[in-house]
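Below is one structure, written out as structure tokens; comments come after it.
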Amino acid sequence: MAQVPEPSPPQAAADLPCVRLDLAGFITDWNDEAARFFGYRADEVIGQHLLFLNLQEDGDLTELSGLPPDADSVTAIVFRRTKAGQATKARLSLQAERDAAGEPVGLCARYEPLRIDIPLEDKLRLYVNIIEDSSQGVLVTDHTGHIVMVNRAFTDITGYSADEAIGQTPDLLRSGRHDAEFRAQVQSAMQGAGLWIGEIMGRRKNGEVFPQSVCVSAVRNDRGEVTHAFSIFSDISHHHETELRLQRLANFDHVTNLPNRLLLTQLMTQALAQAKRSGECGAVLVLHLHRLSWVYDTFGHDVGDEYVAQAAHRLQGGLREQDILARLGHDKLAVTLINMRQPEHAAVVAQKLLAQLGTSLSVQGHELDAPATIGIALYPGNGMETAGLLRYAEIACQRADPEAETPVIFFSEEMNQKATERFRLEGELRHAISQGQLELFHQPKVSLRNGHIVGAEALLRWNHPRHGLLTPGHFVPLAEDTSLILELGEWVLAEACRQIMMWRSTGLDMPPLAVNLSARQFDRHLPKRIERLLDSFRVSPQHLKLEITESLMVRNPDEVVQIMNELAAMGLGIALDDFGTGYSSLAYLKRFPITTLKIDRSFVIGVPHQPNDCAIAQAIVTMGKQLRQEIVAEGVENREQMHYLRELGCDQLQGYLFSKPLPAHEYERLVREDVRLTL
């Protein structure tokens with residue numbers, strides 16, 4: 001051990017690590033500062049020889065060898081090893097301890113920690129190695145913002161080699177996922193505003209976007225000028241993937257992949273908050289799969305899991321995109337219906353869900369039924385709190401009977417009665433279609449040029465066995481909420497074609513008959529269906545007209561215009577019904593092959609005395625004439641209205657002034673007798 005005379009240490013001796021030794025070099029005492037400096041507790045070192053702290057066993061000698069027999073103290077610079085294996089540098093003060101006779105009985109070694117200096121050349125080489133061997137990507141730019149250096153990890157992470165990156169700007173990695181304000185913050189850090197730490201989405205050479213944790217700062221020269229900027233980043237894709245997996249485990253049911261009760265509660269709370277702001281109504285449904293426990297007990301967990309997964313998949317197919325389907329527990333699922341038009345629609349959805357489960361589930365070779373009951377709570381009627389609505393729906397579900405005709409129960413008795421009536425009416429309407437209780441009435445259209453009948457609109461009636469003749473307002477809204485509207489629509493088209501055929505078979509040349517189409521009928525197969533009906537009944541397209549509403553045109557304009565063009569190409573006339581009450585647009589009138597505009601009765605009733613109704617009627621007539629379309633006024637009830645509309649240039653009228661809707665044989669008589677309107 002080299003002896004280096006040095007001045008007394010500036011640090012107080014009491015604050016320094018102190019080790020006491022016997023004359024053989026074994027440790028007899030070890031203070032708290034020594035424990036902090038070397039990392040060993042006193043009970044770990046007392047009794048050991050001091051050699052165990054030496055950095056190199058064959059090099060540096062113990063403190064004992066450095067103290068001459070006749071000297072009381074000595075100082076030296078020494079290197080020692082901590083418990084963690086790190087090398088430390090210290091100034092050693094070694095002091096002999098003597099007895100009353102002056103004989104040495106031990107030693108006290110005090111250590112003053114010193115910084116280990118590394119030569120500049122070694123330090124630079126160390127820095128370079130650290131940067132090159134780091135698992136983090138490093139990118140350095142000059143004052144112009146161009147890349148001047150990258151490390152190997154940069155290439156490993158981004159896919160760009162050093163040759164490809166140097167000379168480019170960091171925009172090379174730009175993903176396009178961040179706004180201008182975010183990029184300005186990063187750019188400001190590169191220009192010396194201070195350290196910026198955060199997460200950025202970058203883009204690899206292969207185009208893949210990936211998340212990265214980034215540290216960005218600037219480098220200054222001796223004058224404080226920014227000369228370079230650096231970015232140190234890590235690919236944290238695996239962290240995000242792990243986080244997503246953990247979130248999924250916490251929030252989703254692993255069998256059905258549906259939200260669990262925890263996530264459902266969060267989603268419902270958000271939906272209810274939105275409903276409070278907007279005044280929307282909605283419903284919470286709890287569905288009980290009655291056979292699930294039996295399936296698990298009988299066939300085991302694999303079959304049981306697949307059974308509930310298939311059931312969940314079917315239920316999802318009966319819901320809108322914004323509705324929420326979740327698994328509440330073992331055999332219960334929950335549905336949140338968001339933004340319903342009417343509360344009773346919840347019962348329609350419930351019936352639809354039960355229908356989705358109506359056919360058996362094929363699970364690993366077993367055909368298994370899926371009987372279920374549904375309880376319904378409504379908001380805001382039954383409250384606006386998530387926990388309360390779920391509890392009410394579960395209570396209602398417990399009261400529902402799987403053997404009942406309608407195994408759906410509302411928490412509210414009033415809604416139960418409405419739902420029961422609705423289900424009864426739906427069943428009767430299905431029966432009416434198959435039992436011939438439906439009939440077409442006809443309301444004539446009259447020319448305002450000569451008073452002759454020039455056509456008619458076919459209007460559906462239901463000859464109800466108890467309630468008598470029902471108009472569409474009593475049952476079409478119900479049909480629109482179910483698949484029945486498709487059956488009704490097809491029946492009306494077929495019946496209209498049959499009547500036209502019957503009239504022509506008797507030699508009667510009837511004017512065109514117009515049929516109203518539901519938006520749900522208007523799909524890409526409609527032209528083919530109508531073509532088959534026309535061929536089947538040997539009806540010319542000129543004898544059939546189609547009436548649609550404005551709302552249909554804005555649903556999916558590109559698809560609708562293609563279907564309408566096919567229908568027009570077949571020779572079918574197309575009328576726009578209730579014009580002015582929906583999404584009226586000159587663009588639609590120009591784009592769609594419409595031959596007739598029908599002025600809605602709500603604008604006719606006020607003419608000629610209401611200025612607003614007169615202005616609207618005049619505008620519609622003028623617009624139609626400019627587009628060379630036929631104009632029909634609906635709901636004309638008196639001669640004042642007729643004269644005003646005729647003077648405007650309206651082509652036809654339809655209303656009680658001439659005739660109410662009539663059964664087919666009465667309408668036929670009017671045509672045969674050539675009954676005219678006196679103009």
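Between A377 and Y392 the shortest heavy-atom distance is CB-CB, 3.9 Å.
S360 and E367 form a side-chain donor-acceptor contact under 3.5 Å, judged by distance and modelled atom types alone. With 3.5 Å as the limit, one finds a donor-acceptor pair spanning the side chains of T359 and R314. For T88 and T82, the side-chain atoms include no donor-acceptor pair closer than 3.5 Å. For the residue pair D331/H290, the side-chain donor-acceptor check at 3.5 Å is not satisfied. Between the side chains of S188 and Q185, no donor N or O sits under 3.5 Å from an acceptor N or O. A donor-acceptor pair shorter than 3.5 Å can be found between the side chains of T144 and D142.
In this structure, L289 and L333 have side chains that are in contact, with non-hydrogen atoms separated by less than 4.5 Å. Put simply, the side chain of V408 reaches to within 4.5 Å of the side chain of I376, judged on heavy atoms. Taking the side chain as every heavy atom from C-beta outward, V286 and I374 never approach each other to under 4.5 Å.
Between K528 and E531 a salt bridge is recorded (basic side-chain N to carboxylate O distance below 4.0 Å). Ion pairing between a basic and an acidic side chain is recognised when a charged N comes within 4.0 Å of a carboxylate O; R203 and E208 show no such pairing. A salt bridge links E394 with R261; the closest basic N to acidic carboxylate O contact falls under 4.0 Å. Ionic pairing of D558 and R591 is present here: one or more N-O contacts between side-chain nitrogen and carboxylate oxygen are shorter than 4.0 angstrom.
Aromatic rings from W294 and Y307 are positioned such that their centres are separated by 6.0 Å or more.
Taking the six-membered ring where tryptophan is involved, the planes of Y296 and H330 are tilted, since the angle between them lies from 30° to 60°.
A cation-pi geometry, defined here as NZ or CZ lying under 6.0 Å from the six-membered ring centre and within 45° of its normal, holds between R204 and F210.
Distance check, rounded to the nearest 0.5 Å: CD of E280 to CE of M340 gives 10.5 Å.
Residues passing the side chain to side chain donor-acceptor pair (under 3.5 Å) test with Q364 are E306, sequence neighbours excluded.
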